[in-house]
Amino acid sequence: MTPKPGTAPAAPGARGAAGPLLRVRGLHVWIEGSHILQGVDLSVPASGVTAVLGRNGVGKTTAVKAVLGLVPRTGEVVLEGRDITDRPTYEITRSVGYVPEDRGVFNGLTVAENLRLAQRAGSPSRYELVHELFPELRERASQPAGTLSGGQQQMLAIGRALLNENRLLVVDEPTKGLAPRVVAEVADAVVRAAADVPVLLVEQNLALVRRVADEAVVLDAGRVVHTGAAAELLEDAERTRELLGVSRAPAGAESAQGEDR
């Protein structure tokens, strides 16, 4: 990807570079009169996976939508040293891939058409990577996306984001409602993606977080209440229970939150 003039982005995988890839400071969001985010500060390093954790309703999805400009917000959002707070979403997503919580596939279009729509002009398309991770997308290329299972639709949503080269990948609850087999495939995809590009991951499956995440940011009531190494947090059963309301995550990423194949 060609950087904007005067910009010197950190090289992929350059943990320990001059500063974080993404820096968010004092992020506030009001929706229908409710103060959802109340001064959120977080950073995403130049490599690896940063997981955003927290109980239901604490503002995790709102936080990533605010980064992308999908909800009105105040504060500061800086990507690769450039203030993007006032940039429209369509400009931000020229360099940031996004997998929304609701998958957002076009039900009336085929799998191939969904992928083709995601291609960015002038950017290499990585079909080989997408089909390597999710062979079913090649096999079902002519099938309408609306007839896919929930798991297959999630594969398609992730595949669209991985199709282009990005500076950051934002993935919101990719395993929600999926069967164990599909959860494992999603975990493989996140690990593979993170080898090329930093990932900001919203996730409640702590087994998956244990496997893929380097850093953890915990939200509660619209505020950041913990930041640090993901493994260190998840090894501390008492702290995990205090912050997330659950016991320590088991090893592996095989647990599921539903039976959607």
Side-chain angles (χ1 to χ4, degrees), residues 1 9-15 17 21-22 44-53 64 93 95-101 103-105 111-112 114-116 118-120 123-141 148-176 178-216 229-231 234 249 251-256 261:
M1 179 175 297
R15 185 182 290 276
L21 179 86
L22 177 73
V44 176
S47 68
V49 177
T50 299
V52 180
L53 309 176
V64 296
T93 53
S95 59
V96 178
Y98 178 44
V99 182
E101 181 183 13
R103 299 161 188 160
V105 301
V111 168
N114 268 270
L115 290 172
R116 191 156 57 246
Q119 292 179 225
R120 292 193 193 118
S123 177
S125 298
R126 305 188 298 176
Y127 280 96
E128 185 175 342
L129 170 62
V130 172
H131 290 148
E132 176 189 341
L133 288 171
F134 303 121
E136 287 187 59
L137 297 185
R138 187 199 300 272
E139 298 163 5
R140 299 176 182 274
L148 298 174
S149 70
Q152 291 162 346
Q153 288 187 3
Q154 186 64 72
M155 294 176 194
L156 179 55
I158 296 173
R160 289 186 311 186
L162 294 177
L163 190 63
N164 302 293
E165 293 182 350
N166 293 295
R167 300 303 302 145
L168 175 67
L169 189 63
V170 177
V171 185
D172 190 0
E173 299 223 31
T175 67
K176 185 176 181 180
L178 301 185
R181 177 186 65 83
V182 185
V183 171
E185 291 185 33
V186 168
D188 290 341
V190 172
V191 169
R192 177 62 183 85
D196 295 328
V197 60
V199 177
L200 181 61
L201 172 71
V202 176
E203 184 53 73
Q204 295 208 59
N205 185 327
L206 296 187
L208 182 141
V209 171
R210 172 191 288 277
R211 175 180 169 188
V212 306
D214 301 286
E215 306 293 329
L234 296 180
E254 291 76 23
S255 64
R261 295 177 62 82

**Student:** So which heavy atom on L115 is nearest to which on L163, and how close?
**Tutor:**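 Heavy atoms only, the tightest pair is O-CD2, 3.1 Å.
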**Student:** Identify the heavy atoms of P174 and I158 that sit nearest to each other, and give their distance.
**Tutor:**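 For P174 and I158, the tightest heavy-atom pair comes out as CB-CD1, 4.3 Å.
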**Student:** Report the residues that fulfil side chain to side chain contact (heavy atoms under 4.5 Å, CB included) with A213, sequence neighbours left out, ordered by chain and then residue number.
**Tutor:**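 Residues passing side chain to side chain contact (heavy atoms under 4.5 Å, CB included) with A213: V49, A51, V209, A230.
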**Student:** Please name all residues satisfying side chain to side chain contact (heavy atoms under 4.5 Å, CB included) with E185, sequence neighbours left out, ordered by chain then number.
**Tutor:**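 E185 satisfies side chain to side chain contact (heavy atoms under 4.5 Å, CB included) with F134, M155, R181 only.
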**Student:** To check you understand the geometry: which heavy-atom pair defines the closest contact between T50 and P45, and what is its length?
**Tutor:**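 Taking T50 first and P45 second, the nearest heavy atoms are OG1-CD, 3.2 Å.
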**Student:** For V171 and V186, run side chain to side chain contact (heavy atoms under 4.5 Å, CB included): C-alpha distance rounded to whole Å, both residues' side-chain angles, the deciding distance at 0.1 Å, then the answer.
**Tutor:** CA-CA 11 Å; V171 185; V186 168; over 6 Å; no
**Student:** Please report the shortest heavy-atom distance between L208 and E203, naming the atom on each side.
**Tutor:**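 Closest approach of L208 to E203, heavy atoms only: CD2-CG, 3.9 Å.
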**Student:** Filter on salt bridge (charged side-chain N to carboxylate O under 4.0 Å, His left out), then keep only pairs touching residues 123-133, sequence neighbours left out; what's left?
**Tutor:**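 Qualifying pairs: R126-D196.
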**Student:** If you take all heavy atoms of V52 and L200, which pair is closest and at what distance?
**Tutor:**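 Nearest pair, atom of V52 first, then L200: CG2-CD1, 3.6 Å.
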**Student:** Please find the pair of heavy atoms, one from G151 and one from L178, that lie closest to each other, and give the distance.
**Tutor:**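 Of all heavy-atom pairs spanning G151 and L178, the closest is CA-CD2, 3.7 Å.
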**Student:** Got a second to check how far N205's CG is from K176's NZ, nearest 0.5 Å?
**Tutor:**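 The NZ atom of K176 is 13.5 Å from CG of N205, to the nearest 0.5 Å.
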**Student:** Would you please name every residue forming a side chain to side chain donor-acceptor pair (under 3.5 Å) with N164, sequence neighbours left out?
**Tutor:**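 If we apply the side chain to side chain donor-acceptor pair (under 3.5 Å) test to N164, skipping adjacent residues, there are no hits.
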**Student:** Is a side-chain donor or acceptor of S149 paired with a backbone partner of Q152 at a separation under 3.5 angstrom?
**Tutor:**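 Yes; judged by distance alone, with no hydrogens or angles, the pair exists.
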**Student:** Hey, mind stepping through L156 and R103 against side chain to side chain contact (heavy atoms under 4.5 Å, CB included) and telling me if it holds?
**Tutor:** CA-CA 8 Å; L156 179 55; R103 299 161 188 160; over 6 Å; no
**Student:** Would you give the length of the straight line joining atom CD of Q153 to atom CG of N114, rounded to the nearest 0.5 angstrom?
**Tutor:**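 It comes to 9.0 Å.
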**Student:** Do R211 and D188 have side-chain heavy atoms sitting under 4.5 Å apart?
**Tutor:**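 Yes, their side chains come closer than 4.5 Å.
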**Student:** Under 3.5 Å, is there a donor-acceptor pair between the side chain of N166 and the main chain of L168?
**Tutor:**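 Looks like no, no N/O pair under 3.5 Å.
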**Student:** Only counting residues at least two apart or in another chain, list the ones meeting side chain to side chain contact (heavy atoms under 4.5 Å, CB included) with R138.
**Tutor:**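 Expected list: H131.
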**Student:** Is Q154 close to V99 at the side-chain level, that is, under 4.5 Å between some pair of heavy atoms?
**Tutor:**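 Yes, their side chains come closer than 4.5 Å.
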**Student:** Under the rule for side chain to side chain contact (heavy atoms under 4.5 Å, CB included), what residues qualify as partners of A112, not counting sequence neighbours?
**Tutor:**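 In terms of side chain to side chain contact (heavy atoms under 4.5 Å, CB included), with neighbours along the sequence ignored, A112 is linked to T110, R116, A141.
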**Student:** Mind checking whether E136 and V111 have side chains closer than 4.5 Å, heavy atoms only?
**Tutor:**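 No; the side chains remain at least 4.5 Å from each other.
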